[in-house]
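Accompanying notes for the structure given below.
Naming convention: chains lettered A, B, ... in sequence-line order (proteins, then strands); numbering from 1 in each chain.
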Amino acid sequence: MSKGLPKRSENYPEWYNELVKRADLAENSAVRGCMVIKPYGFSIWEKMQATLDQMFKDTGHVNAYFPLFIPKSYLSREASHVEGFAKECAVVTHYRLKNAPDGSGVIVDPEAKLEEELIVRPTSETVIWSTYKNWIQSYRDLPLLINQWANVVRWEMRTRLFLRTTEFLWQEGHTAHANAAEAIAETEQMLEVYATFAEQFMALPVIRGRKTANERFAGAVDTYCIEALMQDGKALQAGTSHFLGQNFAKAFDVRFASQDQKLDYVWGTSWGVSTRLVGALIMAHSDDEGLVLPPKLAPIQVVIVPIFRSNEELTRISETAQAIRKNLLAKGISVKYDDRDTYKPGWKFTEYEMKGVPVRLAIGPKDMDNGTVEVARRDTREKMTMSREGIEPKIAQLLTDIQENIYQRAWAFRQENTVRVDSYGEFKELLDRKGGFLLAHWDGTSETEEKIKEETKATIRCIPLDAEEEPGACVYTGKPSAQRVVFARNY
RNA sequence: CGGGGUGUAGCGCAGCCUGGUAGCGUACUUGCAUGGGGUGCAAGGGGUCGUGGGUUCAAAUCCCGCCACCCCGACCA
């Protein structure tokens, strides 16, 4: 195993793959396209989960759990939904194995064929709406605001750790409302929850927008999304929120008696983010030395490394280190004191840099003599010497500064790589030279979007919600357009 | 599913063309020194060479089949 990481500038995909492995986040499993999420990687996801879960509860949602298996017939109830997912569904056809007659191992027992095959959920709309039918009779049962944390399976052709795996973890919210306006408000609210989470916790600036018909969720009337820009200039969809209209209510016959004694179909939404967010986090901030984690999501916020020769020295240093650790813990900061004598300080420094620990404290004999501590921040790789006295509030402040700095850096990067483009030639040239978000006029047709995709591999990531009205001409056809949309190549 | 590539120690690879004792780096174990940025030296353990068949006195190496994985495309969060 070589010591350094591949350079981002030389081979970005290779850098990403190596980083995921070297930072101990995840590895490939025996099953193609699936991954083992290792403890360090999983604890990042757990922190994301904890934060989002609280945000969902604060907006009135409750958690529930729906089954992994979906009867095949459910999937065909909503026409465009089937079409969207049919090509990537895992199907359970049998329920028993038996020993092979020739002793070569186990085989599927042909006698144990399921009468109706089961689909491993690619998403849960169908099973949930078939259940909601029984839960909703009256306007008094609405709104129904439910979320579930689950795994789903989509049989992808090509996979990448965290960004696209055959099985992934996510949350999916599914809500039912008495009218369209309320459902749309819910869709927009949850998009804002995602955007807030991305910006304030992941330190990742995002564009809030709506998808074009081509990119819309199968079965939705309208799909909202947040789009982030990665360091290689490619866009990544970090979260989606769908206004389902009455599509699933109609498909599953979910009706309610309204206050004015009419029977009507309910209005639905669904919204989700997945372990893909971990991939976004990695690609947005990390550098050639390893992971860079925003303090709010770092499993370990501060690591303390003692530098010592003898056991006596270690004992003396440990006293100071433990005191600092205790004071930081009291401030709600997670601290690891790594006093292993099986690894050398330099080795530990590199290791914690690879793992993206935001702040590292080193305490050695010289510090003990001088009453100081060496403080290193991961984001800028600066080292400074601080007085041991009153260091705790300074560390707390430093974590806040790092969180802010990482966000600012990502924001500046996005600014530099978001460009208004008015000619197709410039459009193609920019895409090939540096990628990024291209703000261009579009005539609003799927045909044009399709042609641009074929010719440049760039798609419309979204129609931004905050875009200003600006009459212009489509970058491809020259037809009139009312506002700019965001084009990019994407993950 | 099309095009390309790779399977040899936990990991990364050489050896194959030209058949003849299975190697290197790293990781691991032990000892001594070392200890403020992946420490040095020495010794040691670890292999059905992806798999099935064929050629041969002899196959990691040559021939045929199969399997797996990776990369590039069509599909996607």
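Nucleotides B:rG15 and B:rG20 place their C1' atoms 14 Å apart, quoted to the nearest Å. Using C1' as the reference atom, B:rG45 and B:rG38 are 24 Å apart when rounded to the nearest Å. On the C1' atoms, B:rG19 is 13 Å away from B:rC63, given to the nearest whole Å. A distance of about 11 Å separates the C1' atoms of B:rG23 and B:rA9, rounded to the whole Å. Across the C1' atoms, B:rC1 and B:rA74 are found 9 Å apart, a figure rounded to whole Å. The P atoms of B:rU8 and B:rU51 are separated by 10 Å, rounded to the nearest whole Å.
Looking at every heavy atom in both residues, A:Trp15 comes nearest to A:Leu5 through NE1-CD2, 3.8 Å.
The only option from A:Arg381, A:Lys348, A:Arg378 that meets the salt bridge (charged side-chain N to carboxylate O under 4.0 Å, His left out) definition with A:Glu353 turns out to be A:Arg381.
Within the 6.0 Å centre-distance limit, the rings of A:Trp271 and A:His61 are counted as a close aromatic pair.
In this entry B:rG52 has B:rC64 as its Watson-Crick or G-U wobble partner, both defining distances falling under 3.5 Å.
Side-chain atoms of A:Asp341 and base atoms of B:rG35 include no donor and acceptor less than 3.5 Å apart.
At a threshold of 4.0 Å, the pair A:Glu351-A:Arg360 does not count as salt-bridged, since none of the basic side-chain nitrogens sits closer than that to a carboxylate oxygen.
The shortest distance between the side-chain N/O atoms of A:Lys344 and the OP1/OP2 oxygens of B:rG40 is not below 4.0 Å. Regarding contacts with the backbone of B:rG35, a side-chain N or O of A:Arg309 is found under 4.0 angstrom from either OP1 or OP2.
The separation between A:Lys366 atom NZ and B:rG35 atom P is 11 Å, rounded to whole Å. Regarding A:Asn214, its CG atom lies at a distance of 10 Å from the P atom of B:rC76, rounded to whole Å. Atom P of nucleotide B:rG37 and atom OH of A:Tyr352 are separated by 17 Å, given to the nearest angstrom. Between the NZ atom of A:Lys453 and the C1' atom of B:rG73 there is a distance of 13 Å, rounded to whole Å. Rounding to whole angstrom units, CZ of residue A:Arg489 and C1' of B:rC76 are separated by 18 Å. Across the protein-nucleic acid pair, A:Glu374 atom CD and B:rG37 atom P stand 8 Å apart, rounded to whole Å. Atom P of nucleotide B:rC69 and atom CG of A:Asn17 are separated by 16 Å, given to the nearest angstrom. In this structure, the CZ atom of A:Arg22 is 12 Å from the C1' atom of B:rA27, given to the nearest Å.
Among the atoms of the strands shown, base atoms are found under 4.0 Å from some heavy atom of A:Leu163. A:Lys383 comes within 4.0 angstrom of a base, heavy atoms only. If you check every strand for non-hydrogen atoms under 4.0 Å, A:Tyr491 touches nothing. Among the atoms of the strands shown, base atoms are found under 4.0 Å from some heavy atom of A:Arg360.
In terms of the ring pair (Phe, Tyr, Trp, His ring centres under 6.0 Å) criterion, A:Tyr16 has no residue partners (sequence neighbours excluded).
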Report, one line per pair, each donor and acceptor closer than 3.5 Å where one atom sits in a side chain of residues 221-229 of chain A; sequence neighbours left out.
{"from": "A:Asp222", "atom 1": "OD1", "to": "A:Arg210", "atom 2": "NE", "distance (Å)": "3.4"}
{"from": "A:Asp222", "atom 1": "OD2", "to": "A:Arg210", "atom 2": "NE", "distance (Å)": "3.1"}
{"from": "A:Thr223", "atom 1": "OG1", "to": "A:Phe217", "atom 2": "N", "distance (Å)": "3.0"}
{"from": "A:Thr223", "atom 1": "OG1", "to": "A:His242", "atom 2": "ND1", "distance (Å)": "2.9"}
{"from": "A:Tyr224", "atom 1": "OH", "to": "A:Glu188", "atom 2": "OE2", "distance (Å)": "3.1"}
{"from": "A:Glu227", "atom 1": "OE1", "to": "A:Arg461", "atom 2": "NE", "distance (Å)": "3.4"}
{"from": "A:Glu227", "atom 1": "OE2", "to": "A:Lys211", "atom 2": "NZ", "distance (Å)": "2.8"}

